[in-house]
Amino acid sequence: MTPLQPDEREVALPVLLGGLVLLTALLALLSLAIGKEPVPVVQAIRELVAGADSIYATILVQIRLPRTLIAIIAGATLGLSGAAMQGLLRNPLASPGLVGSASGAALFAVTVLYFGFSAWTPWLVPVVGMAGSLLAMFVVHAIAGANAGVTTLILAGVAVNAFATALISLLLNLSPSPYAVQELVLWTLGDLTDRSLNDVRLMLPATLIGWLLLLGSAPKLDVLTLGERTALTMGVDFLRLRWHVFIGVSLAVGAAVSTTGMIGFIGLVVPHLLRQLVGHQPGRLLIVSMFGGAAMLLAADIGVRLIPSVMPLRVGVLTAMVGAPFFLHLILRSRNAYPG
Amino acid sequence: MLRTLLILLLAVPVATSGTAATRVASINLCADQLLILLADPGQIASLSNLSRDPTGSYYHIKARDYPINNGLAEQILPLQPNLVIVGEYSAPYTVRLLEQSGLTVETLPIARSVDDMLANVQRVGDWLGQSGRAAQIVAGLRERLQQIQRLQEQEAGVSGPSSAVRRKPTIAVFDPNGYTVGRNTVRGDLLHRAGWHNIAADRGIDDYGRIALETLVLAAPDALITSPLKPGSWSRAQMQVRHPVLSTSGINPLAISIPGRHTLCEGPWLLDVLETLVAQRRQVAQRHIRVGSRQ
């Protein structure tokens, strides 16, 4: 697992990245083309370019484009955050969903959204979501301890997630809105329907800062693979790096989750699928996991729109159906690797 | 001796009017409304707790004068009512328990039209022994309905035969979560009577259904009607109704907001809603004429 050993399955980074970008672009086009009503996409784009005020162009830009953009942004955030946390904690099971950052963000976002505080300014939702994300991550990390093993970390994450989800449910019950209780599923399984460009605008600043912080940690994460002590001699302070990554993850995940709710398994699955292809280098894994995450969430969101159901299906249902068996596979593999 | 006489005197009125329902309890919001409308105050033994909720109950203030229940048999039985009114969707176990305890239980049918409303007013009036009062209210409402109808026919006559060919203004109900209604609902019937074309009909929605935001934008109705259950509260469902695409130029429907307490249950106030809808339809039609003459 050292970065010095070339892996036979390694793919040249430009090829891999190019392939993932192409896949994301194709899925994005597909996502724009799919909806409740048949909209001639090409005609709509032509009308848009011509500056005509057509109804198809309106549907494309105001209903389908926000959904597609949010899927790309949130998916990229989840993939990137998962890769960064796995690199930082050198733990294959770390992901935003497991270490509490997603549930903490959802809890705080629910608090400001359903009790009218967001009426002051809609920016409160992503900002508070970020704070919740950071808080939950620190609680999990503090409970598990700095050098926690896989099991301890997961147990701490399970406890914090359960607590946050229970509080979300309680808050939705106490909320003055008669519709709030039905929306628990929207926060626990994620949802992208009928968002607007305003929502994209709201999630963008925190997301971009978070991405830059995380991508900037790439060289240090590479050094960290040599071990904390060696890394220190090379000028990488683990504690500072931990802050760096945690804040980056909180910013991006806080913005994503307060827009879409908790979408599981993308941050876990995507880095795993891509790790071998980048020769187990955590630094390289970051950028490819971004596009991998975007593609996975786009695909899942296209899936929920294609499955005919009376009530809208939540996107987390599909990511969990792919992700949970994968998670089991990981557990089985780690059981064989470290028997007993 | 004096005490016995007193007891006898007090007992007499109860004994004589024993056949009519003198102590009536309701565990259904819509039955609450009709009880408040029709009963003598002394007839009402208990109303449902929802009767005091300003978001869904038309008579929420008057309801404060009466005891309330949470729809539990254990709250109803001690009252010894001689009539309990339940709804079609009241908890079946509670209803069965009330019936097994020997109480008279009547089910108020759900109203799906203005005619159903009139029938329910008479029905509850008959149950209460207030048939005359109910008949008087129904007669007054029928007269008002005919008047509204006449005015609309005159209006159609004045604007000439060309306007009869002209399309009706279109409308859709767009409630939180995209819920909409078709013809076989109180609101659907009111829209039809007010001369609107409900686009839910084009989508094959007869009673209740959902309409996607895209579908709504494509249909581009002249007006949208929402009946917020609790204005000033927040949820994703309520945010969807305010999606910015609905105020985009070229769509921008007239937003008609009718409080949930005016549409959730049936009663004479439905005619007020009808008049509002007629007035709004005229407003939209005039907007069309102005736009049309400019072209």
Side-chain angles (χ1 to χ4, degrees), chain A residues 34-39 52-67 109-119 122 125 172 174-187 191-201 258-261 305 309-312, chain B residues 29 50 53-57 170 172 174-180 199-200 202-205 207-222 226-253 259-261 264:
Chain A
I34 289 172
K36 273 272 187 269
E37 296 290 327
V39 168
D53 199 11
S54 89
I55 218 145
Y56 289 137
T58 304
I59 290 180
L60 195 70
V61 173
Q62 297 219 38
I63 300 178
R64 294 194 185 172
L65 185 65
R67 183 174 193 152
V110 162
T111 312
V112 293
L113 200 75
Y114 288 84
F115 290 87
F117 299 112
S118 59
V125 180
L172 290 176
L174 296 176
S175 148
S177 170
Y179 306 96
V181 176
Q182 301 161 14
E183 295 185 3
L184 177 64
V185 63
L186 197 148
W187 289 97
D191 174 67
L192 298 166
T193 45
D194 292 346
R195 295 304 144 85
S196 69
L197 286 172
N198 289 343
D199 294 306
V200 179
R201 210 170 297 135
S258 47
T259 312
T260 65
R305 278 180 282 174
S309 65
V310 181
M311 295 302 283
Chain B
L29 175 65
L50 287 175
D53 182 357
T55 64
S57 176
T170 54
F174 196 50
D175 279 344
N177 279 325
Y179 281 101
T180 193
I199 61 165
D202 307 333
R203 306 276 146 188
I205 297 170
D207 37 34
Y208 297 93
R210 285 167 68 107
I211 193 159
L213 198 56
E214 283 188 6
T215 313
L216 201 62
V217 170
L218 263 187
D222 297 313
T226 59
S227 305
L229 265 186
K230 200 158 189 178
S233 63
W234 302 269
S235 65
R236 289 276 187 211
Q238 286 151 294
M239 283 157 84
Q240 187 201 26
V241 179
R242 294 194 295 266
H243 194 285
V245 74
L246 293 175
S247 49
T248 307
S249 66
I251 301 157
N252 200 15
R261 60 173 170 270
L264 208 55

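Each chain gets a letter, A, B and so on, in the order its sequence line appears, and its residues count up from 1.
Per-residue counts of heavy-atom pairs under 4.5 Å with chain B were compared for A:I59, A:T193, A:L197, A:D191; the largest is that of A:I59. Interface remark: of the candidates B:G232, B:G209, B:S233, B:S233 forms the most heavy-atom pairs closer than 4.5 Å to chain A. In terms of non-hydrogen atom pairs under 4.5 Å with chain B, the most contact-rich of A:Q182, A:Q62, A:K36 is A:Q62.
Atom-to-atom distance recorded for B:H243:NE2 and A:D194:CG is 6.0 Å, nearest 0.5 angstrom. A distance of 7.5 Å separates CD1 in A:I63 from CG in B:L246, rounded to the nearest 0.5 Å. Between the CZ atom of B:R242 and the OG atom of A:S196 there is a distance of 11.5 Å, given to the nearest 0.5 Å.
Within the 4.5 Å cutoff, side-chain heavy atoms of B:R236 are placed close to those of A:W187. No side-chain heavy atom of A:P178 sits less than 4.5 Å from a side-chain heavy atom of B:T55.
Contact annotation for A:F115: only backbone heavy atoms (N, CA, C, O) come within less than 4.5 Å of a heavy atom of chain B. In this structure, the portion of B:R210 lying under 4.5 Å from any heavy atom of chain A is its side chain and not its backbone. Heavy atoms closer than 4.5 Å to chain B are found in the side chain of A:L186, but not in its backbone.
The shortest heavy-atom contact between B:W234 and A:Y114 is O-CD2, 3.3 Å. The heavy-atom pair separating A:I55 from B:V217 by the smallest distance is CD1-O, 3.2 Å.
Panel note: side chain A:E183, backbone B:S235; no donor-acceptor pair is recorded below 3.5 Å.
By the salt bridge (charged side-chain N to carboxylate O under 4.0 Å, His left out) test, B:E214 pairs with A:R64, sequence neighbours left out. For A:R305, the salt bridge (charged side-chain N to carboxylate O under 4.0 Å, His left out) criterion is met by A:D301, not counting sequence neighbours.
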